[in-house]
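So the structure is just underneath, and the comments pick up after that.
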Amino acid sequence: MRRFAILAAGVVLAAGSALADRLEAQAAAVTDAAAIAPGQSFTVALALTMPRDAYVYWRNPGDAGLPTTIRWSLPEGFEAGEIEWPLPEIFDEPPLRSFGYKNGVLLPVRIQAPERLDPENGRVELRFRADWLICREACVPGGADLAVTLPVAEAPRPDAEGARRIAAARAKVPPAAEGWTGRMEMDERTLTLSFTPPEDFRLPARASVVFLPYREGVVEPAAAQRLRRANAGFELALTRDVMRVDPGDALRGALWIEGPEDRIQALEIELRRANADG
Amino acid sequence: MKRTTGWLAAALAAGIAWTVFAQQQGARPGAEAPDFSLRCLQGNEHTLRQFRGRWVVLEWTNYDCPFVRKFYSGGHMQRWQREVGGREDSVWLTICSSAPGQQGHFDAETWARRNTEWNVAPTALLLDPDGRVGRAYGATHTPHMYVIDPEGTLVYMGAIDSIRSANPADIERAENYVLRALENARAGRPVEPAQTRAYGCTVKYAN
């Protein structure tokens, strides 16, 4: 019955209804574990499926929208990591630019089980609250209370289908920029980022390079980022946001490099502050 | 990674468009607020100039935007409209720039019904269906707020408050930038911040 209701909603949306009230995401909890063991880590992910061309936002939504959030209610001793955010799409709607996921997304979170784990009935329940803003021309807030219940065993057992879906999402998460160093300098208007890649890295001749900070309010999302090649690497000059949010000692974000033939490379990098003023 | 073709071209175009937009928009704190002439629901013409000598709050709206509903569902916006509009020395103008066929664009009957349902109380509700005034002010979001002093100088533009959410429970915890700007400017104190990043839905201008 429930499955039927979801299908029916999909048909209505496919028919082209623009009614904001029907703009809904279906949320599900996905896990890569069929059974967990004490002291082991595993993954629980929020899977959002949505009508065609609908989207939700990245951790830094940009000029519009709100990030999707997850709030955990875990049994004692369990610890949840950060959301591992796949690289978003860039939505340009001049003069605005925002970042998000069209047509669905899966957001993995690593969970660490405690060393001592002996539940009475042999199962643990991991609950979380997810909230998002789903948009397609108009926007509607959505939310769901989700849970996964897993048996506790001597040795962990994987859930193959869940593991496959989570691995596919993780493949899109920008990997840490191994061997890179990054520094930032800031004055009143500009944030200048210096990147020093490892020796074997070559920046393509006509590369388009953009840095997307994880934090909102640090730079103007839609402002052009000026690339300057330097001896050991390259620099990007970013326009500071009107909010003038001070990133503090370090700024984390995704470095997006688009080379010839539309090949995109994305890396996660942390830039350390070089000057103290500004 | 999924992406549209010609991304670089799009990025450059967006950057240029943004720059042009930023230069063209007349509204910035410390400068004279662009004058306008707009019809209200009753069909009367209102100009900014006619309110010289009074403080003016401009509120960009779209009643079907969840971020706008955040402030109306619990009566907050209406209370602020009554507080500001109820004083001799200030007015509150609500402006809708939703284009025909876009979200938040209503016929007269729907406007009347929605206004009654929410018991709204701006000094006037002004319609800007061609978006000219919205663009002149650089209004990008609903709600997007502006405060203008009695001499016609813009003293604040941007977000309504400090917590960027669609959840009404956040209103009481947030710092209301508009009311604080009005209070500080009235008392002759500097308005800080004078500009913030607006949050909410995008203004539904004509495509």
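Each chain gets a letter, A, B and so on, in the order its sequence line appears, and its residues count up from 1. All of these numbers come straight from a predicted model, not from anything done at the bench.
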Item to complete: Please determine if Arg164(B) and Glu216(A) form a salt bridge, counting it only when a charged side-chain N lies under 4.0 Å from a carboxylate O.
Response: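 So Arg164(B) pairs with Glu216(A) through a salt bridge.
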
Value rounded to 0.5 Å, distance of [atom1] in [X] from [atom2] in [Y]:
X         : Y         : atom1 : atom2 : result
Glu93(A)  : Thr140(B) : CD    : OG1   : 10.5 Å
Asp64(B)  : Cys139(A) : CG    : SG    : 12.0 Å
Leu133(A) : Cys201(B) : CG    : SG    : 7.0 Å
Asp63(A)  : Arg197(B) : CG    : CZ    : 4.5 Å

Can you confirm whether more than 12 heavy atoms, excluding those of [X], are under 6.0 Å from its [atom1] atom?
X         : atom1 : result
Arg114(B) : CZ    : yes
Arg82(B)  : CZ    : yes
Arg252(A) : CZ    : yes
Arg54(B)  : CZ    : yes

| said: Taking Ala138(A)'s backbone N and O only, do any of them form a donor-acceptor pair with Lys204(B)'s side chain (distance below 3.5 Å, no angle check)? | reply: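 Such a contact is absent between Lys204(B) side chain and Ala138(A) backbone.
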
Show your working on side-chain contact (heavy atoms from CB on, under 4.5 Å) between Leu66(A) and Tyr199(B) and close with a plain yes or no. CA-CA 9 Å; Leu66(A) 292 173; Tyr199(B) 72 90; 5.6 Å; no

*Please name all residues satisfying side chain to side chain contact (heavy atoms under 4.5 Å, CB included) with Arg113(B), sequence neighbours left out, ordered by chain then number.*
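Result, side chain to side chain contact (heavy atoms under 4.5 Å, CB included) vs Arg113(B): Thr110(B), Glu117(B).
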
*Heavy-atom distance under 4.5 Å to chain B: side chain of Gln225(A), backbone, both or neither?*
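Nothing of Gln225(A), per the 4.5 Å heavy-atom cut-off to chain B.
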
- Can you tell which part of Pro221(A) gets under 4.5 Å to a heavy atom of chain B, answering side chain, backbone, both or neither?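 It is both, since atoms from each part get that close.
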
Contact between Val242(A) and Thr196(B) at the side-chain level, heavy atoms closer than 4.5 Å - yes or no?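 The answer is no; the side chains never approach within 4.5 Å.
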
